[in-house]
Amino acid sequence: MLNSDNYFAINIKKSETARRDICRGLVLAENPFRLLMIAIGCIADMSGDGTFLSSCQQSLENIYGAGLEDPQYIDNRISELKESIGKLERCLITCNDNARERLQFALRLQRNELEKLLKKAEKTA
């Protein structure tokens, strides 16, 4: 049987995962509503309140239309990523060595995301 220490450890792990996913999403300049859903999912898991999760998710989808399966979102995100990749590539030319590693990392992440979204766009077209 789980005691309060076990629940605490489980919740710490859930929050670490959510923090990692949110930080990565910020680096990738992901849709803020997707990042919000990560936080909401973590809160719902940690509190055991599935109604909170489904209510928030339904509201976000109905009101804001957020989601990776939305063709308009995919097209907008592809445009954003192409623009961002261009900026990063231009910055790499003039940046110092300290910034170069971080910019290259961000560039790899954004190129990977762009590749995934282009595949999604092909499937929905």
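From a predicted model like this one, the values you see are computed outputs, not experimental measurements.
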Do the non-hydrogen side-chain atoms of [X] and [Y] ever get within less than 4.5 Å of each other?
X    : Y    : result
E113 : K116 : no
K87  : R90  : yes
Q110 : L88  : yes

- prompt: Are L103 and V27 connected in the hydrophobic side-chain network, where two residues link if heavy atoms are under 4.5 Å apart?
  reply: no
message: Please determine whether residues L107 and I78 belong to a single hydrophobic cluster, defined as Ile, Leu, Val, Met, Phe, Trp and Tyr linked transitively by side-chain heavy-atom distances below 4.5 Å.
response: yes
Spacing of NZ belonging to K13 relative to CD1 belonging to I10, to within rounding of 0.5 Å: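 The distance works out to 12.0 Å.
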task: Mind checking the CG-CG spacing from L109 to L81? Nearest 0.5 Å is all I need.
output: 10.5 Å
Over 12 foreign heavy atoms within 6.0 Å of CZ, R102: no
Extract all donor-acceptor atom pairs below 3.5 Å that involve side chains of residues 42-52 and protein atoms in other chains or at least two apart in sequence.
| unit_1 | atom_1 | unit_2 | atom_2 | d |
| --- | --- | --- | --- | --- |
| S47 | OG | I43 | O | 2.8 |
| S47 | OG | A44 | O | 3.4 |
| S47 | OG | D49 | N | 3.4 |
| D49 | OD1 | T51 | N | 3.3 |
| D49 | OD1 | F52 | N | 3.1 |

query: Between R20 and E16, is there a side-chain N and carboxylate O pair less than 4.0 Å apart?
result: no
Partner of R24 by side chain to side chain contact (heavy atoms under 4.5 Å, CB included), out of I22, L26, D21, L28: L28
query: How far apart are the C-alpha atoms of R111 and E115, what are their side-chain angles, what is the distance that settles it, and do they pass the salt bridge (Lys or Arg N to Asp or Glu O under 4.0 Å) test?
result: CA-CA 6 Å; R111 284 179 176 157; E115 185 179 321; over 6 Å; no
- line: Q104 meets the side-chain hydrogen bond (donor to acceptor under 3.5 Å, both in side chains) criterion, sequence neighbours left out, with none
